[in-house]
Amino acid sequence: MAKAFVFSLCLLLVFNGCLAARQSQLSPQNQCQLNQLQAREPDNRIQAEAGQIETWNFNQDDFQCAGVAASRITIQRNGLHLPSYSNAPQLIYVVQGRGVLGAVFSGCPETFEESQQSSQEQQQQQQGEQREQQQEQQGRQREQPQGEQGRQQQQQFEQLDRHQKTRRIREGDVIAIPAGVAYWSYNDGDQELVAVNLFHVSSDHNQLDQNPRKFYLAGNPENEFNQQGQSQPRQQGVQGQQEQQQPFRRPGQQEQQGNGNNVFSGFNTQLLAQALNVNEETARNLQGQNDNRNQIIRVRGNLDFVQPPRGQHEREHEERQQEQLQQERERAGQQGGQLMVNGLEETFCSLRLKENIGNPERADIFSPRAGRISTLNSHNLPILRWLRLSAERGFFYRNGIYSPHWNANAHAVVYVIRGNARVQVVNENGDPILDQEVQQGQLFIVPQNHGVIQQAGNQGFEYIAFKTEDNAFINTMAGRTSFLRALPDEVLANAYQISREQARQLKYNRQETIALSSSQQRGSFFARRPIV
């Protein structure tokens, strides 16, 4: 009897523990009881040597509901954003400028390599000398052992610069960065390079908590989200473990860990030097010791690395390739119903990470009187199927209206690129939880299934919306493709207590789809309601 009681008690404890763990996993979903939303500017700023990083407070209820965090990075001319990786997948939108981005996929080959002669002119000048040297070397090689010849060839090979692929980035690009993939960026343009980053911290790829974490691999960076109240109990637990665990050291060896904030700085300096087969001074440089620069540094001179030559012809050729690729995918989808992705771009080491959706010719929806919308999903950029993210770029003319709609299967994180707009978001109770004029540089969140309507102001309205599903779609409430158009006349008449003639007018008054022009008779939404 006693054994049965003890066994039952153990089962009860195990059940309660599993239930608590399950509830902790579901807690982000329970945080979507939102009574008020707000368009916000960044809450925190880190000033760097060659730029700045601004972040929004991810502990706000709307960020917690969507399971996201966001930052805005500004890199000055000739500035280098040092290599880092994150615990969450990222989508990056280039708001302004141009530059270079490199993403490092571990185990993949260095496909960009430096040639032995930098130009044809140098080759012609050195042809005569090379012939004489080759003759001398051939005579020496007959006398040298094969092992020594191999070592000389290896030394010549290692002297050339080789690295993984770099990508040109420019305004309008959306870049996808998987969790744990290190990347760096450099501004080689003539103006500031500005980008907005979305971190999908609630993604299945993040096995840590929902605190956004940036792991820098160089410099002495500051914590970009540190002042926003991360999980204190977890930090206390880590501190307690650090007090109990002593760092590894050999007998009689003094501890020489770095005082920087990058990942290398936490390792023992001597052990790190042995692992990399370098001297300790080099290891201390990796650790950022005595380095007062943080995550964005200024390059002295020009940053010289291997990259293909690029001009106007190459840019036009790339744009034509993107258009052709888009047309082929559309035809494949229409013929087979399912998009097949077996091209070279789908191999792991040559993943296509970016696509430009800023070009007006790239628009998926266009109204001459209202504006245009471009969408990016896993059909356009297959890596998004893995990351479960998508994006939407909108450009609305003055007083243009984005049809009232709801996001059927995703949260939307909207950043205002330029202009202004009046935005209303309505919850399941019919309460307007956001009713505000949004301005350039602000960010707001539209939770899944919440109704939203937007009207551009006098300055027009440009935005980028990140969505937490790779094939996000909307259901419209006005226009030719709205749910009203799909209902029978009698259903509309009875549901809204209107006549059948009024029901038909309700269905067919709007011939546009999503981008709606404003009626001149009724005027602008701004003129009729006060700005909150």
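Residue indices begin at 1 and follow the sequence shown. As the structure is a prediction and not an experimental result, all values here were calculated from the model.
Salt bridge Arg388/Glu469: present, at least one basic N to carboxylate O contact under 4.0 Å. Salt-bridge formation is not detected for the pair Asp291/Arg284: no Lys NZ or Arg NE/NH1/NH2 atom is positioned less than 4.0 Å from an Asp or Glu carboxylate oxygen.
With rounding to the nearest 0.5 angstrom, the CG atom of Leu384 is 9.0 Å from the CZ atom of Arg352. Distance check, rounded to the nearest 0.5 Å: CZ of Arg418 to CD of Gln440 gives 7.0 Å. Of the inter-residue distances, the one linking Leu193 atom CG with Asn78 atom CG reads 12.5 Å to the nearest 0.5 angstrom. Atom CD of residue Glu361 and atom CG of residue Asn356 lie 11.5 Å apart, to the nearest 0.5 angstrom. Annotation: the span from Asp61 atom CG to Leu37 atom CG amounts to 9.5 Å, rounded to 0.5 Å. Rounding to the nearest 0.5 angstrom, the gap separating the CG atom in Asn44 from the CD atom in Glu54 is 9.0 Å.
Within the 4.5 Å cutoff, the side chain of Asn262 has no heavy atoms near those of the Leu217 side chain. Residues Val95 and Tyr415 meet the side-chain proximity criterion, which asks for heavy atoms closer than 4.5 Å. Using a 4.5 Å cut-off on side-chain heavy atoms (C-beta onward), Ile357 and Asn380 make no contact. Val196 has its side chain within reach of Phe466: a pair of non-hydrogen atoms, C-beta onward, lies under 4.5 Å apart. Looking at Val181 and Phe105, their side chains come closer than 4.5 Å, going by heavy atoms from C-beta outward. Using a 4.5 Å cut-off on side-chain heavy atoms (C-beta onward), Arg40 and Gln60 make contact. Contact of the Leu387 side chain with the Asp470 side chain is not registered, since no non-hydrogen atoms from C-beta on lie closer than 4.5 Å. Two residues are said to be in side-chain contact when any heavy atoms from C-beta on lie closer than 4.5 Å; Phe63 and Leu443 meet this criterion.
For the pair Asn206 (side chain) and Pro89 (backbone), a donor-acceptor distance under 3.5 Å is absent. No donor-acceptor pair under 3.5 Å is formed between the side chain of Asn57 and the backbone N or O of Asp43. Looking at Asn409, its side chain does come within 3.5 Å of a backbone N or O of Asn471 through a donor-acceptor pair. Asp62 contributes no side-chain N or O that, together with a main-chain N or O of Ile445, makes up a donor-acceptor pair within less than 3.5 Å. Panel note: side chain His81, backbone Trp184; no donor-acceptor pair is recorded below 3.5 Å. Looking only at distances, a side-chain donor or acceptor of Thr55 sits under 3.5 Å from a matching main-chain atom of Glu224. Side-chain atoms of Asn261 do not come within 3.5 Å of backbone N or O of Glu222 as any donor-acceptor pair. Asn87 contributes no side-chain N or O that, together with a main-chain N or O of Val201, makes up a donor-acceptor pair within less than 3.5 Å. Thr166 places no side-chain N or O within donor-acceptor distance of the main-chain N or O of Leu101, the cut-off being under 3.5 Å. A distance-only check finds no donor-acceptor pair linking the side chain of Gln287 to the backbone of Gly266 [under 3.5 Å].
Atom CG of Asn279 has more than 12 heavy atoms from other residues, nucleotides or ligands within 6.0 Å. Arg77 CZ: 12 or fewer foreign heavy atoms inside a 6.0 Å radius.
The two residues Glu49 and Arg293 have their closest heavy-atom pair at OE1-CD, 3.3 Å. The two residues Ala66 and Thr468 come nearest to each other via the heavy atoms O-CG2, 4.2 Å. Taking all atoms of both residues into account, the shortest heavy-atom contact from Asn187 to Ile75 is ND2-O, 2.9 Å. Counting all heavy atoms, side chain and backbone alike, Pro447 lies closest to Cys65 at CB-SG, 4.5 Å. The minimum heavy-atom distance between Asp188 and Val100, with the atom names listed, is OD2-CG2, 3.8 Å. The nearest pair of heavy atoms linking Gln436 to Ala39 is OE1-N, 3.1 Å.
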Fill in: Stepwise side-chain contact (heavy atoms from CB on, under 4.5 Å) check, Leu286 with Leu276
CA-CA 11 Å; Leu286 265 69; Leu276 297 173; 3.4 Å; yes
Practice prompt. List the steps, then state whether salt bridge (charged side-chain N to carboxylate O under 4.0 Å, His left out) holds for Asp364 with Arg393.
Written response: CA-CA 10 Å; Asp364 298 301; Arg393 171 72 161 84; over 6 Å; no
Item to complete: For salt bridge (charged side-chain N to carboxylate O under 4.0 Å, His left out), just list the numbers for Asp190 and Arg98, CA-CA rounded to whole Å, side-chain angles, deciding distance to a tenth of an Å, and then say yes or no.
Response: CA-CA 8 Å; Asp190 54 2; Arg98 62 181 177 86; 5.0 Å; no
Practice prompt. Show your working on side-chain contact (heavy atoms from CB on, under 4.5 Å) between Asp173 and Arg167 and close with a plain yes or no.
Written response: CA-CA 11 Å; Asp173 279 346; Arg167 296 164 173 85; over 6 Å; no
Practice prompt. Applying side-chain contact (heavy atoms from CB on, under 4.5 Å), run through Glu392 and Ile373 and close with a yes or a no.
Written response: CA-CA 7 Å; Glu392 175 184 293; Ile373 298 174; 3.6 Å; yes
Worksheet entry | Test side-chain contact (heavy atoms from CB on, under 4.5 Å) applied to Asn211 and Phe58, step by step | CA-CA 8 Å; Asn211 292 327; Phe58 68 91; 3.2 Å; yes
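For the ring-ring contact (aromatic ring centres under 6.0 Å, His included) with Tyr85, the lone residue among Phe215, Tyr216, Tyr183, Phe199 that qualifies is Phe215. The only option from Leu80, Thr74, Ile73, Leu82 that meets the side chain to side chain contact (heavy atoms under 4.5 Å, CB included) definition with Ile296 turns out to be Ile73.
At a cut-off of 3.5 Å, with distance as the only test, no side-chain donor of Tyr93 or Asn197 sits close to an acceptor on the other residue. Judged purely by distance below 3.5 Å, without hydrogens or angles, the side chains of Asn285 and Thr282 never pair a donor atom with an acceptor atom. Under 3.5 Å, the side chains of Asn294 and Asn220 contain no donor-acceptor pair of N or O atoms.
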